[in-house]
Amino acid sequence: MRVERYNFATVEPKWRKIWEDARIFEAGATFDGDGRNIGGASEKPKYYVLEMFPYPSGRIHMGHVRNYSMGDVIARFMRAKGADVLHPMGWDAFGLPAENAAMQGKRHPAEWTYANIAAMRAQLKSLGLSLDWSREIATCDPAYYGRQQQLFLDFLRAGIVDRKQSKVNWDPVDHTVLANEQVIDGRGWRSGALVEQRDLTQWFFKIANYSEDLLKGLETLERWPDKVRLMQHNWIGRSEGLLVRFEMAESSGEVEVFTTRPDTLFGAKFLAIAADHPLAHSVAEKNPALKAFIDECHHMGTSVAAIETAEKKGFDTDLKVRHPFDENWLLPVYVANFVLMDYGAGAIFGCPAHDQRDLDFSNRYGLGATPVVCPEGAEPASLVVTDAAFEGEGRLINSGFLDGLTVAQAKEAVAARLEKTDLFGAPQGKRKVNYKLRDWGVSRQRYWGCPIPIIHCEACGAVPAPSSDLPVTLPEDVTFDQPGNPLDRHPTWKHVPCPQCGKPARRETDTMDTFVDSSWYYARFTDPHNAQEPAAREAMRRWLPVDQYIGGIEHAILHLLYSRFFARAMRDSGHGELAEPFSGLFTQGMVVHETYKGPEGWVSPSEIRIETNDKSRRAFMIDDGAEVVIGPIEKMSKSKKNTVDPDDIIASYGADTARLFVLSDSPPDRDVIWSDEGAQGAWRFVQRLWRLTGEAGRVAAPMGAPVPAQFGEAARKLRQATHRAIAQVTENIERLRFNSAIARIREFANELTAALDEVTEEGVAADLAFVFREAAESLILLVAPMTPHVAEECWADLGHEDLAARAPWPVADPTLVAQELISLPVQVNGKKRAEILVPHDADEEAVRAEALAQEGVQRALEGRPVKKFILVPKRIVNVVV
RNA sequence: GCGGACGUGGCGAAACCGGUAGACGCAAGGGACUUAAAAUCCCUCGGCCAUUGGCUGUGCGGGUUCGAGUCCCGCCGUCCGCACCA
């Protein structure tokens with residue numbers, strides 16, 4: 001046995017330096033005779049693996065370690081498989097936290113951000129990720145956001161940008177717009193003031209125009225998780241319905257509503273309009289009570305969750321509208337807090353019997369409910385709707401000319417009739433495909449973002465900044481000691497002459513949503529230093545789409561939808577060719593940890609020790625021995641103090657151990673629980689790899705030894721184990737089942753250990769020696785994507801002078817993977833009674849004879865005749881009696 | 001409210017198209033080595049009964065099937081997202 005321990009502290013930095021000097025992780029790498037990367041074009045197939053780039057918060061967390069370890073496994077695996085791999089890294093560097101830090105710590109956002117980037121870059125480098133650092137980008141770099149401004153202007157020219165009013169959360173004390181998460185119980189998080197909804201004129205990307213295309217495109221994304229596609233599908237929210245215009249009873253006006261259930265029109269009890277509906281505003285002018293109600297709605301917050309979870313409330317306007325099919329039937333018009341102005345027509349008709357929300361509303365205001373759809377087989381007279389609306393299928397009742405029709409037929413009949421009915425010179429009904437997807441408001445009243453390159457001129461309006469002005473850079477001399485946007489109150493920055501008429505004009509002081517920054521960075525990585533355009537067409541053609549994108553499920557909708565939109569918008573404004581930027585997507589789970597609570601509050605894992613025996617598991621403070629309560633396992637967060645610092649882990653166990661642990665134990669799309677015991681388990685395996693290679697190396701054949709003509713029993717067994725492990729680990733990595741790949745590698749290590757235990761003092765024969773080398777080298781290459789440093793050290797220890805990081809992936813010999821004898825379980829009436837060993841090509845008769853001869857089978861048969869004999873080849877035998 | 005996901009030993013999990021439930025690891029218990037400890041190695045490890053062996057078991061209740069963790073119907077529980085956090 002090898003005496004010296006594997007010393008990660010010296011070994012890991014050594015290999016990182018060697019990799020870096022050899023520049024082997026740069027995309028498009030080709031090498032000269034000395035193994036130096038001389039760059040240039042590559043004949044290899046391309047593979048682009050991308051992990052969502054981090055926000056530079058200052059420290060990486062275990063979630064980053066997991067995310068980037070997964071991407072690195074794929075990058076190293078694909079490189080070994082012979083691909084030219086692009087695996088870049090950058091920084092999502094604009095955003096609110098930098099401004100908050102500036103307000104608190106008096107540090108300039110740029111200084112704070114770049115310091116954080118430097119710290120996090122060093123941390124990421126210590127993980128040994130095979131990243132192409134020559135392509136590093138930061139979105140707060142003018143070189144990056146200048147090209148983004150170019151995109152904005154080209155989108156504007158292509159008609160993809162719009163300027164219109166929309167609602168924001170306004171904090172009247174801080175004079176600032178609040179994010180939804182900054183609104184807590186209707187109040188600003190910092191000021192505590194009641195938040196108002198305000199109309200602001202803002203810039204929009206017309207993503208809604210792409211609704212149908214974005215929906216259709218989902219079908220082509222076969223390597224995306226179904227759940228993400230479903231979430232986007234629902235988010236786009238296509239619905240086919242009818243716009244219906246209702247005539248007002250006491251005036252010549254009308255109210256238009258959108259409905260997906262025109263079939264239930266005879267069950268209508270009321271109309272409800274949004275608080276911001278023009279009609280609501282006009283009534284409110286003469287009705288202070290309604291004005292108060294509308295104001296109340298404005299304090300609800302702008303998020304859908306806030307609106308829909310609020311108690312359903314309405315206000316009777318006293319206006320009445322005529323039912324489209326009966327001019328004497330008048331319906332009341334309410335202003336309701338749950339109707340959204342942005343969706344459909346900003347007005348609905350309520351059918352309480354067949355819509356739960358309408359029913360809740362109706363019950364509150366005593367508006368009644370008449371059932372008009374009768375479920376198949378139910379007695380119409382027996383239908384009474386009290387607390388539960390019936391939203392299912394059935395046939396129409398109480399509905400005049402619709403009676404007896406199915407829901408689908410009735411929808412069609414109503415649409416057909418209203419299209420032919422005239423109201424004020426136009427059809428009363430119009431079919432419409434409606435989408436929930438709204439245009440993307442990109443204006444932010446903040447400093448630390450990409451300036452919107454527009455100049456406002458009193459005479460010429462909103463004028464694009466000339467392209468020679470790009471990038472329009474942020475002024476550095478700003479302060480954060482007053483509320484509001486520093487750009488807006490900067491003394492000189494915004495004052496510029498109008499590019500068209502030359503008169504004094506002012507710059508747009510809003511910056512872009514940071515989602516814009518992250519919507520095209522994948523394309524920038526293909527040509528990160530281009531000063532003329534976002535990315536050269538040739539570079540995008542070489543690398544796009546991203547073959548495998550990896551990130552958190554929290555980005556399932558917005559970021560991924562915006563990026564898909566951006567690809568289309570770039571295409572339509574002359575900046576690319578493809579619609580779908582990510583052909584493969586994988587969403588990884590979080591890293592979670594136990595929580596500990598002492599008398600003084602939450603306690604960090606580093607402050608406690610755990611005592612376990614077969615009965616209990618208890619935690620105690622290290623300093624005073626006081627017992628603390630072990631709480632639930634939760635997402636790592638500073639507030640719960642249940643974080644583990646990757647730096648600490650790397651210092652005590654090394655990067656390989658950290659990488660191995662976050663990849664094993666749990667499937668990658670599920671959360672993984674970080675535990676010190678688990679980390680130690682991973683550490684033990686890293687040590688074991690080193691010992692095992694040493695032991696195998698002592699008995700292994702020299703490098704380049706010829707393949708023996710014959711293999712003995714022991715050699716053949718280990719050889720089969722080796723090739724089966726290669727086949728299964730390869731498949732598991734290809735399917736991104738890293739936990740299974742590692743389990744299989746460990747199993748193979750166990751098999752190799754068992755084979756080494758058989759070795760006696762006399763040494764081994766040439767055939768076995770050959771197989772020991774083959775097994776040890778395979779083991780190291782299989783584990784190298786997960787634990788690259790120890791693999792490199794073992795690889796050198798086995799006598800290799802070139803790098804494991806550059807070695808080709810081992811290939812399984814199919815003839816060695818196949819099993820000649822197969823173990824088949826034998827069931828009697830579905831219960832396992834015996835197990836038989838049969839040749840893989842045994843015919844049914846032979847299997848039947850063997851199965852029925854088993855003692856356990858005979859016992860279970862109890863002499864009864866066999867009714868049916870089921871043989872699933874290579875799987876199972878079931879005897880039915 | 002709307003939408004989505006998940007539920008298997010003490011714990012994390014595995015089980016490909018419906019075919020041996022619990023691979024691999026963690027924890028625990030027992031043993032070897034050691035003056036001792038660490039490290040390492042070996043054995044046991046879902047539950048109940050038992051002598052060979054049997055019964056039972058994948059959140060709960062039904063169903064389909066020769067056969068269900070897997071498919072269908074209905075519950076229960078937990079977690080996540082909801083458009084200005086990134």
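Below, chains carry the letters A, B, ... as their sequence lines are ordered, and counting in each starts from 1.
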Exercise. Is the side chain of A:Glu99 donor-acceptor paired with the backbone N or O of A:Tyr447 at a distance under 3.5 Å, no angle test?
Worked result: yes
Problem set entry | Spacing of A:Ile610 atom CD1 relative to B:C26 atom P, expressed in whole Å | 17 Å
Exercise. A:Lys831 side chain N/O closer than 4.0 Å to the phosphate oxygens (OP1, OP2) of B:G54?
Worked result: no
Exercise. Hey, does the side chain of A:Asn750 come within less than 4.0 Å of B:G25's phosphate (OP1/OP2), counting only N and O?
Worked result: yes
Exercise. For A:Pro667, which contact category applies under a 4.0 Å heavy-atom criterion: base, sugar-phosphate, or nothing?
Worked result: sugar-phosphate
For this session: Determine the minimum heavy-atom distance between A:His593 and A:Trp674, stating which atoms define it.
Result: CD2-O, 3.2 Å
Problem set entry | Distance in angstrom units between A:Asp665 CG and B:G22 C1', rounded | 15 Å
Problem set entry | Residue from A:Tyr144, A:Trp448, A:Phe515 passing ring pair (Phe, Tyr, Trp, His ring centres under 6.0 Å) with A:Phe94 | A:Trp448
For this session: Give one of base, sugar-phosphate or nothing for A:Ser675, where a contact means two heavy atoms less than 4.0 Å apart.
Result: nothing
Exercise. Reckon A:Arg444 has a side-chain N or O less than 4.0 Å from the OP1 or OP2 of B:C84?
Worked result: yes
Seminar exercise, completed: Checking N1-N3 plus N6-O4 or O6-N4 for Watson-Crick, or N1-O2 and O6-N3 for wobble, each under 3.5 Å, the partner of B:G19 is B:C66
For this session: Please report, rounded to the nearest Å, how far the P atom of B:C26 is from the CG atom of A:Leu663.
Result: 16 Å
Problem set entry | Sugar-phosphate, base or nothing in reach of A:Phe515, heavy atoms under 4.0 Å | base
Exercise. Looking only at side-chain N and O atoms, does A:Thr514 come under 4.0 Å of OP1 or OP2 in B:A86?
Worked result: yes
Problem set entry | For atom CG of A:Asn732 and atom C1' of B:A13, their distance in whole Å | 13 Å
Seminar exercise, completed: Checking N1-N3 plus N6-O4 or O6-N4 for Watson-Crick, or N1-O2 and O6-N3 for wobble, each under 3.5 Å, the partner of B:G9 is none
For this session: Spell out, as yes or no, whether a donor-acceptor pair under 3.5 Å connects the side chain of A:Arg446 to the backbone of A:Leu96.
Result: no
For this session: Can you tell me the distance, in whole Å, between the CG atom of A:Leu558 and the P atom of B:C84?
Result: 7 Å
For this session: For the pair A:His555 (side chain) and A:Gly552 (backbone), establish whether a donor and an acceptor sit closer than 3.5 Å, ignoring hydrogens and angles.
Result: no
Exercise. Below 4.0 angstrom from OP1 or OP2 of B:A14, is there any side-chain N or O of A:Asn739?
Worked result: yes
Exercise. In the strands shown, is B:A28 matched to any nucleotide by a Watson-Crick or G-U wobble pair with both distances under 3.5 Å, and which?
Worked result: B:U44
For this session: Check whether any side-chain N or O of A:Arg737 sits under 4.0 Å from OP1 or OP2 of B:A14, and answer yes or no.
Result: yes
For this session: Tell me what A:His555 touches on the nucleic acid: a base, only sugar-phosphate, or nothing, going by heavy atoms under 4.0 Å.
Result: base
Exercise. Would you call A:Lys206 and A:Asp439 a salt bridge, using N to O less than 4.0 angstrom?
Worked result: no
Exercise. Using a cut-off of 4.0 Å on non-hydrogen atoms, how would the nucleic acid contact of A:Gln202 be classed: base, sugar-phosphate, or nothing?
Worked result: base
For this session: Please work out if A:Arg744 contacts a base, only the sugar-phosphate, or nothing of the nucleic acid, heavy-atom cut-off 4.0 Å.
Result: nothing
For this session: Check every strand shown and say whether A:Trp440 touches a base, only sugar-phosphate, or nothing at a heavy-atom separation below 4.0 Å.
Result: nothing
Exercise. Considering all heavy atoms of both residues, which atom of A:Met636 and which atom of A:Val644 are nearest to each other, and what is their separation?
Worked result: SD-N, 3.6 Å
For this session: Would you mind calling B:C17 syn or anti? Take O4'-C1'-N9-C4 for purines or O4'-C1'-N1-C2 for pyrimidines, and syn is within 90° of 0.
Result: syn
Exercise. Do A:Arg670 and B:C6 have a side chain to base donor-acceptor pair shorter than 3.5 Å?
Worked result: no
Exercise. Mind checking the C1' distance from B:U64 to B:C43? Whole angstroms is fine.
Worked result: 44 Å
Exercise. A:Gln445 near the nucleic acid: base, sugar-phosphate alone, or nothing, with a heavy-atom cut-off under 4.0 Å?
Worked result: base
For this session: Select base, sugar-phosphate, or nothing to describe what A:Ser664 touches, counting heavy atoms under 4.0 Å on all strands.
Result: nothing
Problem set entry | 5' priority, RNA chain B, between A:Lys227 and A:Gly856 [closest heavy atom] | A:Lys227
Exercise. How would nucleotides 16-21 of chain B be written as a contact map, 5' to 3', with B for base contact, S for sugar-phosphate-only contact and - for no contact, using protein heavy atoms under 4.0 Å?
Worked result: ---BB-
Exercise. Taking the side chain of A:Leu96 as heavy atoms from C-beta outward, which of B:A86, B:A13, B:G54 is closest to it?
Worked result: B:A86
For this session: Answer syn or anti for B:G9, where the cut-off is 90° from 0 on the glycosidic torsion.
Result: syn
For this session: Scan A:Arg833 against the nucleic acid and name what it touches under 4.0 Å (heavy atoms): base, sugar-phosphate only, or nothing.
Result: sugar-phosphate
